[in-house]
Amino acid sequence: MLANYAFIGVFFVAALSFPVIPLLLAFLLRPKRPAPLKLSTYECGLEAIGDIRVQFKVQYYLYALAFVIFDVEVVFLYPWAVAFHKVGLYGFTAAAVFLAMLFAGLIYEWRKGALEWV
Amino acid sequence: MHDVINHLINTVFGLGWPGWAISLIAYLLIATILFMIVPFQMLFLTYFERRAIARMQDRVGPNRVGPEGIFQPVADGVKMFTKEDIVPDAADKWVHLIGPGIVVAPTMFMFAVLPWGPGMVPFDMNIGLLFFFAISSVSAVGLMASGWASNNKFALLGAMRAVAQMVSYEIPAVLSLLAIVLVTGSLSIVDLITFQSGLFISSSDVPGIPDFGLGWFVFTPVGFLAFIAFFIAALAEGERTPFDIPEADSEIVAGYMTEYSGMKFGLFYLAQYVLNFLLCAITAIIFFGGWQGPGVGWLYAQAITPANPAGNGLFNVLAGVLGVFYFLAKTYFFFFVMVWVRGAYARLRIDQLMDFGWKLLIPLTLVNVVSAAIWVGLTKWGAADGLAFVEGWAPLMRWAVAFVITLVMNLVAYFFLVRVYSQSQDERARLDDEVLERLTNVA
């Protein structure tokens with residue numbers, strides 16, 4: 001089994017080189033005539049004001065935080081799911097408590113307004 | 001594959017190459033074949049989508065290049081190659097260049113574990129499903145990189161939206177698959193498919209069901225709810241209408257692709273269609289049996305397999321052709337549904353999108369996980385697991401009881417959660433109206 005993972009390595013290299021080939025081919029085929037106006041930032045005809053590296057809406061980070069919590073908990077649940085045919089009622093109860101806590105966390109977040117887009 | 005090449009090199013040509021070289025050649029050959037099929041398919045999918053959506057919108061669609069316009073995607077490809085590559089002065093040149101690469105490479109990498117037919121899988125990984133979804137989320141990094149490097153406000157906004165949407169809908173997708181993993185007890189995609197033999201009832205749940213290759217998960221209450229949730233999440237992951245706010249052209253031009261042209265833009269386009277194909281394929285595999293269908297199981301039983309070395313090679317070909325046909329038919333059907341949804345629904349607002357994912361899909365899929373656990377307990381467990389009372393029941397009886405209980409659970413959860421969700425949406429609309437009224441009074 002472990003030796004077969006060499007396939008994943010070969011495939012990984014192949015997948016990485018996949019976007020390189022068309023980019024190289026396009027590099028050889030395409031014209032290159034830069035002009036100052038062509039290279040300016042696209043802003044619907046008006047000149048761009050200021051930089052984009054500014055403070056950004058915090059709502060995105062709240063969702064990202066909630067995502068991290070949920071995703072880690074889901075990753076904890078996967079081994080349980082694979083072994084579920086063997087864990088018995090005890091394993092079911094333990095995971096049910098875990099799921100209940102996850103659910104309570106979701107409700108808490110909801111009631112606190114962390115899931116509201118403002 | 002490995003054996004065929006080994007035979008060719010060491011027996012026919014008598015070169016006597018070592019095993020690892022044979023393996024390397026076999027692996028490279030598989031990768032090359034896959035990477036030639038995939039862009040070809042993507043061309044077909046773009047043409048299909050444009051013609052189908054045109055028909056739904058009472059238009060004709062592309063019909064000039066070649067008969068009925070079938071060479072339109074080829075013409076588009078030639079255009080992509082010969083268009084000038086415009087990199088804005090303000091952009092971060094290197095990150096701008098590697099952004100599309102980071103988006104495309106993972107979508108190609110995901111093909112490593114995708115089974116096409118019986119015995120036709122590049123690599124039957126024991127954690128294939130986990131691998132598939134772990135790799136799929138990597139492209140969010142590429143989207144963020146390209147949006148950030150473009151130094152354009154539309155691009156940054158589009159990238160932020162894309163990442164927020166992808167991470168939000170990954171949770172319902174992974175939770176709905178968790179229910180399926182609970183039922184099968186395996187993360188291997190090949191095992192998931194073999195589990196779905198039978199006739200409306202999986203032969204793994206009730207032994208002795210005749211095998212017509214129709215024991216799909218979608219026929220169980222658990223699988224059905226998981227399928228609905230997963231397909232909606234797949235629409236969001238693939239940035240399809242009604243979840244296409246990252247590239248909402250009427251609001252933010254083209255989102256993270258705004259500052260891209262030529263082949264770099266082409267790579268984004270390619271990645272999107274390949275991802276859509278993969279999501280349709282994984283939906284077909286997990287909930288609709290992949291290559292399972294009437295006849296495939298019987299044909300494959302006669303074929304040469306590790307379990308049956310004395311089989312007939314002709315049946316390998318027949319089973320393969322029929323299996324791939326079923327698989328692709330299901331996959332293209334789901335792609336058609338994606339196009340259909342695009343023709344039927346308007347784009348959501350970002351707050352509606354987030355609310356739908358977090359307040360409806362996630363609780364629903366969490367309940368579904370518990371339903372799946374009950375399903376397994378009722379169909380598979382015995383006295384040793386602490387469920388002595390099901391021991392004496394016939395398998396069909398156990399299946400029926402599990403079906404009714406999980407159906408009731410999922411229905412109650414569905415109606416309750418939809419009510420709570422629509423109340424919260426009404427409340428939100430009321431608050432919005434209040435604010436609007438106050439603003440108009442001030443004016």
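Residue numbers begin at 1 in each chain, while the letters A, B, ... track the order of the sequences. None of the values given here were measured: they were computed from a predicted structure.
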Nearest heavy-atom pair of A:P31 and B:T82: which atoms, and what distance? CD-O, 3.2 Å
What about A:F11 and B:F35, are their ring centers closer than 6.0 Å? yes
Walk me through it: do B:V420 and A:W110 pass the test side-chain contact (heavy atoms from CB on, under 4.5 Å)? CA-CA 12 Å; B:V420 172; A:W110 190 341; 3.8 Å; yes
Is it the backbone or the side chain of B:V104 that comes under 4.5 Å from a heavy atom of chain A, or both, or neither? side chain
Report the option among A:G91, A:P19, A:A96 that has the most heavy-atom pairs separated by less than 4.5 Å from atoms of chain B. A:P19
Please classify the contact between A:Y61 and chain B as side chain, backbone, both or neither, with a heavy-atom cut-off of under 4.5 Å. side chain
Specify the closest pair of heavy atoms between B:M108 and A:A15, including all atoms of both residues, with the distance to one decimal. CB-CB, 4.0 Å
What part of A:A14 lies closer than 4.5 angstrom to a heavy atom of chain B: side chain, backbone, both or neither? both
Please test A:R30 against B:D85 for side-chain contact (heavy atoms from CB on, under 4.5 Å), starting from the C-alpha separation and ending with a verdict. CA-CA 8 Å; A:R30 71 188 174 217; B:D85 176 42; 3.4 Å; yes
Closer than 3.5 angstrom, by distance alone: can the side chain of A:H85 be matched with the main-chain N or O of B:V183 as a donor-acceptor pair? yes
For A:V82, is it the side chain, the backbone, both or neither that has a heavy atom under 4.5 Å from a heavy atom of chain B? both
Centroid-to-centroid, A:F67 to B:W358, below 6.0 Å? no
Residue A:A95 versus chain B: region with a heavy atom under 4.5 Å: neither
B:F109-A:F12 aromatic ring centre distance below 6.0 Å: yes
Is it the backbone or the side chain of A:L77 that comes under 4.5 Å from a heavy atom of chain B, or both, or neither? both
Most contact-rich option vs chain B, by heavy-atom pairs under 4.5 angstrom, among A:Y60, A:F92, A:W80, is A:Y60
Keeping A:Y78 on the side-chain end and B:V174 on the backbone end, is there a donor-acceptor pair under 3.5 Å? yes
Who wins among B:I135, B:I102, B:V113, B:L187 for the most heavy-atom pairs under 4.5 Å with chain A? B:L187
Under a 4.5 Å heavy-atom cut-off, does chain B meet the side chain of A:I8, its backbone, both or neither? both
Would you say the side chain of A:F18 lies within less than 4.5 Å of the side chain of B:V38, judging by non-hydrogen atoms? no
